[in-house]
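The structure under discussion appears below in the form of structure tokens.
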Amino acid sequence: MRCAVAGIRWNLEILYSKAFDDIRGEEVAPGAHLRSDADLESFVRRTASTTWHPAGTCKMGHDAMAVVDSRLKVHAIEGLRVVDASIMPTIVSGNTNAPTIMIAEKAADLIRNG
């Protein structure tokens, strides 16, 4: 939360710098009347969301940190597979939708073929 509030303050500092005097319009968010830590924390809690797609939280591989194997089976748990973007070792450079569909198609083939 401290980082989010600090980030807002930093952006406001840039927005209200002399360089933007000729082009700055009315402040839309968080709102010119919101400047206290409590106000900015409330703004963050109401509006913050992730705009990136989490990936890599359920590593595929065979090392000690790996959760699933190359057949998407969870190590040491019978009958459980992970079929989503979490198996990606790093996030792809584009939207994760198509790669996740590909993972699901591969999983369907793996399940169908045993």
Side-chain angles (χ1 to χ4, degrees):
M1 182 58 71
R2 285 190 306 266
C3 286
V5 170
I8 292 170
R9 290 194 186 287
W10 187 53
N11 279 283
L12 289 170
E13 185 179 321
I14 293 168
L15 174 66
Y16 286 100
S17 69
K18 186 171 176 55
F20 289 97
D21 284 351
D22 293 342
I23 59 173
R24 182 186 323 104
E26 181 181 338
E27 182 180 325
V28 175
H33 61 287
L34 300 176
R35 290 299 185 265
S36 73
D37 284 349
D39 287 340
L40 296 179
E41 286 179 16
S42 178
F43 171 75
V44 169
R45 290 183 197 287
R46 284 191 324 274
T47 62
S49 68
T50 178
T51 57
W52 55 279
H53 305 281
T57 58
C58 198
K59 181 182 176 182
M60 183 188 331
H62 296 284
D63 61 31
M65 295 296 294
V67 176
V68 299
D69 64 19
S70 60
R71 299 183 57 77
L72 309 178
K73 292 181 178 182
V74 175
H75 296 300
I77 299 179
E78 186 72 28
L80 180 62
R81 293 180 197 257
V82 174
V83 183
D84 61 25
S86 67
I87 68 159
M88 297 178 195
T90 59
I91 191 167
V92 294
S93 61
N95 192 290
T96 57
N97 184 50
T100 303
I101 291 169
M102 180 194 71
I103 291 167
E105 292 289 340
K106 180 63 176 181
D109 287 342
L110 291 168
I111 292 165
R112 199 174 14 249
N113 297 319

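Every value quoted in this text rests on a predicted model; they were computed, and no experiment measured them.
- No side-chain heavy atom of Leu72 sits less than 4.5 Å from a side-chain heavy atom of Val82.
- Judged by distance alone, the side chain of Arg71 and the main-chain N or O of Arg81 form no donor-acceptor pair under 3.5 Å.
- A donor-acceptor pair is defined here as one N or O able to donate and one able to accept, closer than 3.5 Å; such a pair exists between the side chain of Arg9 and the backbone of Arg35.
- Under the 4.5 Å side-chain contact rule for hydrophobic residues, Ile23 and Val28 do not share a cluster.
- A heavy-atom distance below 4.5 Å is found between the side chains of Met88 and Thr100.
- Rounded to the nearest 0.5 angstrom, Thr47 OG1 and Ile8 CD1 are separated by 6.5 Å.
- A distance of 9.0 Å separates OG in Ser42 from CG in Leu40, rounded to the nearest 0.5 Å.
- Side chain of His75 to main chain of His62: no donor-acceptor pair is present (N/O by atom type, distance under 3.5 Å, no hydrogens or angles).
- In this structure, Cys58 and Val68 have side chains that are in contact, with non-hydrogen atoms separated by less than 4.5 Å.
- In this structure, Lys106 does not pair ionically with Asp109, as no charged nitrogen and carboxylate oxygen lie closer than 4.0 Å.
- Asp84 and Ile103 make their closest contact through O-CD1, 3.7 Å (heavy atoms, listed as atom of the first residue, atom of the second, distance).
- Of the inter-residue distances, the one linking Glu13 atom CD with Trp10 atom CH2 reads 9.0 Å to the nearest 0.5 angstrom.
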